[in-house]
Amino acid sequence: MQTCATFMQTFQTLLAKKLSDALAKVGLPDAGEVTPATDPRFGDYQTNAALVLGKQRGENPRALAEKIVARLDVADLCEPPAVAGAGFINFTLRPDAIAKKTSEILRDKRLGVAEAELNQRIVVDFGSPNVAKPMHVGHIRSIVLGDALARIAQFLGHEVIRDNHIGDWGTQFGMVIYGWKNLLDRQSLRRDPLAEIVRIYKETNDRATRDPQVREACRQELVKLQAGDKENIDIWNECVAFSMQDFEQIYEGLDVRYDLQCGESFYNDRLAGVVERLLKSGVAEISEDAVVVFFRDNPELADKPCIIRKRDGGFNYATTDLATVDYRINDLKADAIWYVVGAPQTLHFKQIFEIARREGYRSDFRHITFGSILGEDRKLMKTRSGENVPLRDLLEEACKRARKIIDEKNPDLSEADKIDIAQKIGIGAIKYFDLSQYRMTDYIFSWERMLSLHGNTAPYLQNAYVRIRSIFRKAGESASKIDTLILSDFAEINLAKRLCQFAEIVPQVLNDFRPNILANYLFELANSFHTFYEACPVLKSEEPVRSSRLALCDLSGRVLQHGLDLLGIKVPEKM
RNA sequence: GCGCCCGUAGCUCAGCCGGAUAGAGCAACGGAUUUCUAAUCCGUCGGUCGGGUGUUCGAGUCACCCCGGGCGCGCCA
């Protein structure tokens, strides 16, 4: 724990405290909440406290509201609060309070964002590619969502361990090894290792579906591998290494990093122990020669048993995931484990979490699901030939398309700048398109939409930042040293209010794991900034307004930069 | 058959624990530029929130039923 203790309050928390004080004075319990106003006509914040209390106590909500307002001491923050509608209390912030708060945030490295009250150690499990298979478009959401959540949790003061649970031990290795021994072309392997591994895997798969003898041979290779056969282990090691190299390149392009990359094979020597322990404790039992966990007293899972050891003695992915839970809790001391894994595995994780609870684990398990990425035809996104779209190709195309726009809009930039900016815009566009939408909804992938300069897109937000940087380049100053902001124009007040909201928005994301809330906020911030930019000249205005506006620019730039960084998106200086 | 997720403007999507007259963007149309990057801004048009019943001061949001789409349901991961 750090020593610094007093975090900056937001308007929301300040008003909530004042409301609580007023309720106490009237002899009422805390109730309702202070929320941003649903409509600008109602001011900036509102509370439904009187409505909630009125219902609880069978009293007239408007009368209650009047009583509460009489005791509300908010003169330092807002205009006299008003009772409206069925009994809402509305708060309108005073410009001087906004100016004061904005100045405070201007001096704060955390931009006003408080750390979480309860700091946890959180393992975030995301990405999870399979060895011997190239990453494809289906991996985007897990990677981008998991990375953003990890960044946000970390910023809020949690200790985050990013773990890549690589699929490096599945049954596909029987086929890969068979292919390696029978079909491998060494030259192709040198040229493009992963492509060659994928080729032999696919080829073997084809043969195996046609020919039972090949199928049996693959099974034998797998048995040998799992028994520790030297030759097969060597082949396996080589395949894993080639795949990891490929993954690393993609992670570098995406600016994603891991603290741990414990693949399935990491847990091999723990599987037998897990099954033994579960049998011993009675959580699992033997059924039809397999080891199974039944959930007879759980209506949801009553008819959905979970096999943890197959009839043939082999372990499956449930076993591995249970061993993974053990490791994360006992060895890594995780308070929470977040699984950023697609929705089809919901049942599987329900079973795993339930088994973990039965074993006495009390950690906070979360399965963070997400929808699918669809093509223009509204079906799962595929290439024309029906294959998965390789992630590498997708990222390359994003940068290529971004580059084309840069060449059109800003041809005089240096080649080095263009490459750098195309990367930031292209990758940013893909990430933002994903994160700006509610994670559960399936979305239709569209280059045109995500790279558009208009609307809720990464380039639009990046452009707001670029405009700010441009002002500072022109001014020849890095930031202003001003203490007190002067807010008179509507656009200035509006922008300052937005800047104050950053601290209210960021913690909300983790409520239900919705980075789209932050994305949406940043879009509105960029919007407010652009409006301000149009309405309020900065460098041409007279002092002290000039310094004040420069300070607004500075803070806008910092919030945009930091907010996008929390989403894993970089900002260029020019574009 | 059972279970989970989704259904909001022509299109793509917001709308967390129920709050006031349901919001953006795109598209369409009309304006603004001797620019601090117009890669922008301002305005207009656009809705029986899939349908129904219920819960209550109040339902896009909660409950139940139906319709439509997706996914899952002992030895794949």
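When reading the values below, keep in mind they use all heavy atoms of this one structure, side chains included, and skip hydrogens, waters and symmetry mates. Everything numeric here is computed off the predicted structure, so don't read it as measured data. Every chain is numbered from 1 and lettered A, B, ... according to where its sequence line falls, protein lines coming before strand lines.
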S.K.: Would you mind classifying the nucleic acid contact of A/Y460 as base, sugar-phosphate or nothing, using non-hydrogen atoms under 4.0 angstrom?
M.R.: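 Counting heavy atoms under 4.0 Å across all strands, the contact made by A/Y460 is with sugar-phosphate only.
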S.K.: Which dot-bracket notation, 5' to 3', represents the base pairing of RNA chain B when pairs are defined as Watson-Crick or G-U with both distances under 3.5 Å, crossing pairs as [ ], and inter-strand pairs as |?
M.R.: (((((((..((((.....[...)))).(((((.......))))).....(((((..]....))))))))))))....
S.K.: Would a 4.5 Å heavy-atom cut-off, applied to side chains only, mark A/N410 and A/D417 as touching?
M.R.: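 The answer is no; the side chains never approach within 4.5 Å.
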S.K.: Specify the glycosidic conformation (syn or anti) of B/G74, with syn defined as within 90° of 0.
M.R.: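 Judged by the O4'-C1' to base torsion, B/G74 sits in syn, the angle falling within 90° of 0.
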S.K.: Any side-chain N or O of A/T531 below 4.0 angstrom from OP1/OP2 of B/C42?
M.R.: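 Result: yes.
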S.K.: Using the P atom as the point on both nucleotides, what is the distance between B/A24 and B/G69, in whole Å?
M.R.: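 These two P atoms come out 33 Å apart once rounded.
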S.K.: Less than 4.5 Å apart, any side-chain heavy atom of A/V538 and any of A/C536?
M.R.: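 A/V538 does not reach A/C536 side chain to side chain.
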S.K.: To the nearest Å, give me how far apart CE (A/M450) and C1' (B/A39) are.
M.R.: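 Going from A/M450 (CE) to B/A39 (C1'), I get 18 Å.
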S.K.: Have a look at A/H348 and say if it touches a base, only the backbone sugar-phosphate, or nothing, with a 4.0 Å heavy-atom cut-off.
M.R.: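 The answer is nothing, as A/H348 stays clear of every strand by at least 4.0 Å.
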S.K.: Determine whether the aromatic ring centres of residues A/H165 and A/Y339 are separated by less than 6.0 angstrom.
M.R.: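 Centroid distance A/Y339-A/H165: not below 6.0 Å, so no.
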S.K.: Just to be sure I understand the rule, does A/K474 reach a base, reach only the sugar-phosphate, or reach nothing, if contact means heavy atoms closer than 4.0 Å?
M.R.: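 The answer is sugar-phosphate, as A/K474 gets under 4.0 Å only of primed atoms, P, OP1 or OP2.
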S.K.: Answer with base, sugar-phosphate or nothing: what part of the nucleic acid does A/A535 contact at a heavy-atom distance below 4.0 Å?
M.R.: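 Counting heavy atoms under 4.0 Å across all strands, no contact is made by A/A535.
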S.K.: Hey, does A/N90 reach any base, or is it just sugar-phosphate, or nothing, if we go heavy atoms under 4.0 Å?
M.R.: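 It contacts base atoms.
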S.K.: Could you tell me whether A/Q172 contacts a base, only the sugar-phosphate backbone, or nothing, with contacts defined as non-hydrogen atoms closer than 4.0 Å?
M.R.: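 Since no nucleic acid heavy atom lies under 4.0 Å of A/Q172, the category is nothing.
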S.K.: Contact class for A/N48 (heavy atom, under 4.0 Å): base, sugar-phosphate, or nothing?
M.R.: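 It contacts base atoms.
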S.K.: Side chains of A/R473 and A/K574, heavy atoms from C-beta outward: is any pair under 4.5 Å?
M.R.: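 Of all side-chain heavy-atom pairs linking A/K574 with A/R473, at least one is under 4.5 Å.
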S.K.: Is the A/F365 ring parallel, tilted or perpendicular to the A/F353 ring (thresholds 30°, 60°)?
M.R.: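 Because their plane-to-plane angle is under 30°, the rings of A/F365 and A/F353 count as parallel.
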S.K.: Compute the centroid of each ring, for A/F433 and then for A/Y443, and state whether the two points are separated by less than 6.0 Å.
M.R.: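 Centroid separation for A/F433 and A/Y443: below 6.0 Å.
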S.K.: Check the distance between B/C2's C1' and A/K350's NZ and give it to me in whole angstrom.
M.R.: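 Distance check: A/K350 NZ to B/C2 C1' gives 12 Å.
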S.K.: Regarding B/A22, can its base be found pairing with the side chain of A/D39 as donor and acceptor, where the two atoms are less than 3.5 Å apart?
M.R.: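 There is none.
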S.K.: Check whether any side-chain heavy atom of A/R141 sits under 4.5 Å from a side-chain heavy atom of A/S372, and report yes or no.
M.R.: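 With C-beta onward as the side chain, the pair stays apart.
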S.K.: How would you summarise protein contacts on nucleotides 7-16 of chain B per nucleotide, using B for base, S for sugar-phosphate only and - for none, with heavy-atom distances below 4.0 Å?
M.R.: ----SSSSSB
S.K.: Between P on B/C76 and CZ on A/R215, what's the gap in Å once rounded to a whole number?
M.R.: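 A/R215 atom CZ is separated from B/C76 atom P by 13 Å.
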S.K.: So, is the end of the A/R270 side chain (NZ or CZ) under 6.0 Å from the ring centre of A/Y267 and within 45° of the ring's axis?
M.R.: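 No cation-pi geometry.
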S.K.: Polar-atom pairs under 3.5 Å, protein N or O versus N or O of nucleotides 71-74 of chain B: list them with distances, or write none.
M.R.:
none

S.K.: Of A/L51 and A/N410, whose nearest nucleotide on RNA chain B comes first from the 5' end?
M.R.: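 Result: A/L51.
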S.K.: Start at the 5' end of RNA chain B and walk down; is the nucleotide closest to A/E33 or to A/E264 reached first?
M.R.: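 So the residue in question is A/E33.
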S.K.: Using side-chain heavy atoms (C-beta onward) and a distance below 4.5 Å, is A/F523 in contact with A/S436?
M.R.: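 No, side chains not in contact.
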S.K.: Find the distance A/Y201:OH to B/A77:P and express it as a whole number of Å.
M.R.: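 Value for this atom pair: 12 Å.
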S.K.: Keeping A/S142 on the side-chain end and A/V341 on the backbone end, is there a donor-acceptor pair under 3.5 Å?
M.R.: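 Between the backbone of A/V341 and the side chain of A/S142 there is no qualifying donor-acceptor contact (under 3.5 Å).
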S.K.: Between B/A22 and B/G46, how far is it from one C1' atom to the other, in whole Å?
M.R.: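 About 14 Å, rounded to a whole number of Å.
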S.K.: Among A/K418, A/Q423, A/K424, which one satisfies side chain to side chain donor-acceptor pair (under 3.5 Å) with A/D420?
M.R.: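 Among A/K418, A/Q423, A/K424, the one meeting side chain to side chain donor-acceptor pair (under 3.5 Å) with A/D420 is A/K424.
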S.K.: Please state the C1' separation for the pair B/U56 and B/G19 - nearest whole angstrom.
M.R.: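 Per the computed distance, 12 Å lies between those C1' atoms.
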S.K.: Round to the nearest Å and state the distance from A/I166 atom CD1 to B/A77 atom P.
M.R.: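 That distance rounds to 17 Å.
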S.K.: Which part of the nucleic acid, if any, lies within reach of A/T38 when heavy atoms closer than 4.0 Å are counted: base, sugar-phosphate only, or nothing?
M.R.: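 Here A/T38 touches the bases of the nucleic acid.
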S.K.: Hey, does A/T457 have a side-chain heavy atom less than 4.5 Å from the side chain of A/L451?
M.R.: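 Of all side-chain heavy-atom pairs linking A/T457 with A/L451, none is under 4.5 Å.
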S.K.: Please determine, by modelled atom types, if A/T531 and A/S528 share a side-chain donor-acceptor pair under 3.5 angstrom.
M.R.: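 No donor-acceptor contact under 3.5 Å links the two side chains.
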S.K.: For residues A/Y460 and A/N527, determine if any side-chain heavy atom of one lies less than 4.5 Å from a side-chain heavy atom of the other.
M.R.: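 The answer is yes; the side chains approach within 4.5 Å.
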S.K.: At less than 4.0 Å, is any side-chain N or O atom of A/K133 found next to OP1 or OP2 of B/A77? Yes or no.
M.R.: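 No, outside the criterion.
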S.K.: Please measure how far the C1' atom in B/C45 lies from the corresponding atom in B/A9, and state the result in whole Å.
M.R.: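 Rounded to whole Å, the distance is 11 Å.
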S.K.: Establish, with yes or no, whether the OP1 or OP2 oxygen of B/A39 is under 4.0 angstrom from a side-chain nitrogen or oxygen of A/Y465.
M.R.: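 No, A/Y465 has no side-chain N/O under 4.0 Å of OP1/OP2 on B/A39.
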S.K.: How many Å lie between CG on A/D312 and C1' on B/C75, as a whole number?
M.R.: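 Whole-Å distance recorded here is 8 Å.
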S.K.: Which whole number of Å gives the distance between the C1' atom of B/C64 and that of B/C73?
M.R.: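 The same atom, C1', in both gives a distance of 24 Å.
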S.K.: Taking only the side-chain nitrogens and oxygens of A/H530, find out if one of them lies under 4.0 Å from OP1 or OP2 of B/C41.
M.R.: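 Affirmative; the distance criterion is met.
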S.K.: If the C1' atom of B/G18 is compared with that of B/C2, how far apart are they to the nearest Å?
M.R.: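 Taking atom C1' in both B/G18 and B/C2, they lie 30 Å apart.
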S.K.: Which whole number of Å gives the distance between the P atom of B/G72 and that of B/C29?
M.R.: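 Their P atoms lie roughly 44 Å apart.
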S.K.: For nucleotides B/U61 and B/C49, find the distance between their C1' atoms and express it as a whole number of Å.
M.R.: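 Taking atom C1' in both B/U61 and B/C49, they lie 10 Å apart.
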S.K.: Should the side chain of A/Q46 and the base of B/A20 be counted as holding a donor-acceptor pair, with the cut-off at 3.5 Å?
M.R.: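 Per atom types, the contact qualifies.
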S.K.: Give one of base, sugar-phosphate or nothing for A/I405, where a contact means two heavy atoms less than 4.0 Å apart.
M.R.: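 Nothing, no nucleic acid heavy atom in range.
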S.K.: Send over the distance from A/I368 CD1 to B/C4 C1', rounded to a whole Å.
M.R.: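 One finds 17 Å between C1' of B/C4 and CD1 of A/I368, rounded.
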S.K.: Do A/P61 and A/F88 come within less than 4.5 Å of each other through their side chains, counting heavy atoms only?
M.R.: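 Heavy-atom side-chain distance check fails, nothing below 4.5 Å.
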S.K.: What is the distance, to the nearest angstrom, from the CD atom on A/Q226 to the C1' atom on B/A77?
M.R.: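 Atom-to-atom, A/Q226 to B/A77, this comes out as 13 Å.
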S.K.: Would you mind telling me which of B/A24, B/A20, B/C76 lies closest to the side-chain atoms of A/F88?
M.R.: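 The listed nucleotide nearest to A/F88's side chain is B/A20.
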